[in-house]
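First up is the structure itself, then whatever we jot down about it.
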Amino acid sequence: MIGISLTRLTKRFGSTVALDGVSLEIAPGEIFFLLGPSGCGKTTLLRCLAGFHFPDEGEIRFGEEVVTHTPPHLRRTGMVFQNYALWPHKNVAENVAFGLEEARVSRAETQRRVAEALASVRMEAYATRGIHELSGGQQQRVALARALVVRPRCLLLDEPLSNLDAKLRLEMRSEIRRIGREAGLTVVYVTHDQKEALSVADRVAVFNAGRICQVGTPGEVYRQPVSRFVADFVGETNLFPATALGGGVFEAGEGVHLHSAASTGVGEAVLLSIRPEAWRLGAEGVPGTVEESVYLGEMAQHRVRTPLGEVKVFELNPRGLRVGEACHLAVAREDVVALPPEEA
């Protein structure tokens, strides 16, 4: 189990800056997610950790060891790719054994470690099956076993669930977390799926345009975004330009006052972020009219026209608002996030 330290990491491909001075600390045994849209630099960072790319500037440490320019086979990392990269002509056990055979591990030791790795991903009964006989979820488990069998210092996962259906993705999320915990591994996981990151990660780094926008626990990143990009990318939100009146009061829209726990100077321009599920329907608050309502059973999604503009509202255990019905929206001050002035 090792910690990973990145210091001012920069990687260019021609005129494109894929990583722009990235610094990051990942704790030993942490399940750490790199989250962001396509092309933001997260996979480039993962490939730098694996040794498939060498950075143009900066330093990578595994524990106290500098590995910035160490070849991949000397880093002792396990990598799971988006397409699994399994050998179709080899059976399950032979696929898992491949890395050990390349390292010239004895046959008896290889057999023992392959059995252990397959057991850790609950695939021991499939050792002699062909890859073409496996479901997508089973192939994913084989890819994990192949990464684990070499006893890596850290496990690197590049969008490993993107090819699975929704049910299998949910199952494999918990499995990956279990495997990482039981194996005592530091796990670095790349995804663009916010729910995947929020449900599995210990901490998350949100990427955009080669830079880290925010690092924190899933709860911190979701409830206290530090920028418009983070608020808008991680989940859904409503954004309202506003002016601070002092004492945590902000004027937004047509004379509407909203209260926040944020501390800002009087007259400061901000952007208020309010999650759709934070609104409460009641007899008091911002007046509005329901323009659209979608019933989803345990929840309804409403689009409400208000003096603030159009507001998205998620109502749990919905009572059945009708289009054209008048309503009022209230929100707790701790659910009103004031984004920095430069983001307004």
Side-chain angles (χ1 to χ4, degrees), residues 33 35 161 164-174 177 191-204 206 214 216-242 248-250 252-253 256-262 270-339:
F33 270 59
L35 174 66
L161 307 184
L164 302 182
D165 63 36
K167 184 177 180 181
L168 277 176
R169 282 201 301 272
L170 288 173
E171 178 184 323
M172 287 306 301
R173 285 177 194 172
S174 59
R177 188 169 179 86
T191 188
H192 65 274
D193 186 323
Q194 301 96 350
K195 285 186 168 55
E196 202 165 285
L198 296 176
S199 64
V200 180
D202 293 323
R203 284 194 304 148
V204 177
V206 182
Q214 184 173 356
T217 66
E220 289 167 347
V221 170
Y222 187 81
R223 292 188 59 83
Q224 293 296 324
V226 298
S227 69
R228 176 176 189 154
F229 174 80
V230 176
D232 216 15
F233 183 77
V234 182
E236 298 185 58
T237 195
N238 297 282
L239 296 168
F240 310 111
V249 180
F250 295 85
V256 176
H257 290 178
L258 294 172
H259 296 257
S260 173
V270 299
L271 198 64
L272 299 180
S273 171
I274 304 175
R275 299 290 186 187
E277 69 276 12
W279 294 106
R280 299 189 310 274
L281 292 161
E284 298 180 345
V286 181
T289 303
V290 179
E291 294 199 335
E292 182 182 64
S293 184
V294 179
Y295 181 74
L296 299 173
E298 78 283 359
M299 180 178 74
Q301 296 180 354
H302 307 301
R303 184 163 53 86
V304 181
R305 176 60 55 187
T306 76
L308 293 168
E310 187 175 281
V311 177
K312 184 180 291 184
V313 179
F314 294 167
E315 182 190 9
L316 297 178
N317 191 24
R319 60 182 178 85
L321 283 177
R322 296 182 302 275
V323 173
E325 186 175 346
C327 64
H328 287 81
L329 305 176
V331 62
R333 60 187 295 122
E334 60 268 21
D335 290 325
V336 180
V337 179
L339 301 180

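Values below: every heavy atom of this structure, side chains too, minus hydrogens, waters and symmetry copies.
For the pair Leu339 and Val230, the minimum side-chain heavy-atom distance is 4.5 Å or more. Side chains of Leu161 and Thr191 form no contact here, defined as non-hydrogen atoms less than 4.5 Å apart. Within the 4.5 Å cutoff, no side-chain heavy atoms of Pro276 are placed close to those of Val313. No side-chain heavy atom of Arg280 sits under 4.5 Å from any side-chain heavy atom of Asp335. Residues Arg173 and Lys195 meet the side-chain proximity criterion, which asks for heavy atoms closer than 4.5 Å. Within the 4.5 Å cutoff, the side chain of Val206 has heavy atoms near those of the Val204 side chain.
How far CZ of Arg177 is from CG of Asp202: 4.5 Å, rounded to the nearest 0.5 Å. Summarising the geometry, atom OG1 belonging to Thr289 is positioned 12.0 Å from atom CZ belonging to Arg303; distances are rounded to the nearest 0.5 Å. The distance from atom SG of Cys327 to atom CZ of Arg305, rounded to the nearest 0.5 Å, is 12.5 Å. To the nearest 0.5 angstrom, His259 atom NE2 is 10.5 Å from Phe250 atom CZ. Rounded to the nearest 0.5 Å, atoms CG (Asn238) and OG1 (Thr306) are 9.0 Å apart. The CG atom of Leu272 sits 9.0 Å away from atom CG of Leu308, with the distance rounded to the nearest 0.5 Å.
Taking both residues in full, the closest heavy atoms of Ala338 and Ala262 are given as CB-CB, 3.6 Å, listed atom of the first, atom of the second, then distance. Across Glu334 and Ala261, no two heavy atoms sit closer than the pair CA-CB, 4.5 Å. For Pro225 against Val337, the heavy-atom pair with the smallest separation is O-CG1, 3.8 Å. In plain terms, the two heavy atoms of Ala201 and Phe33 that are nearest each other are CB-CD1, 3.4 Å. Of all heavy-atom pairs spanning Tyr222 and Gly235, the tightest one is CE1-CA, 4.1 Å. Across all non-hydrogen atoms, the minimal contact from Pro241 to Leu271 is N-CD1, 3.6 Å.
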Show your reasoning for whether side chain to side chain contact (heavy atoms under 4.5 Å, CB included) applies to Leu296 and Gln301.
CA-CA 8 Å; Leu296 299 173; Gln301 296 180 354; 3.7 Å; yes

Can you check side chain to side chain contact (heavy atoms under 4.5 Å, CB included) on Val234 and Leu198, steps first, answer last?
CA-CA 9 Å; Val234 182; Leu198 296 176; 4.2 Å; yes

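A donor-acceptor pair under 3.5 Å links the side-chain atoms of Gln194 to the main chain of Phe233, judged by distance alone. Looking only at distances, no side-chain donor or acceptor of Glu196 sits under 3.5 Å from a matching main-chain atom of Arg169.
Between Ser293 and the options Glu325, Arg322, His302, a side-chain hydrogen bond (donor to acceptor under 3.5 Å, both in side chains) holds for only His302.
The residues Arg275 and Glu236 are annotated as not salt-bridged, no charged nitrogen and carboxylate oxygen being separated by less than 4.0 angstrom.
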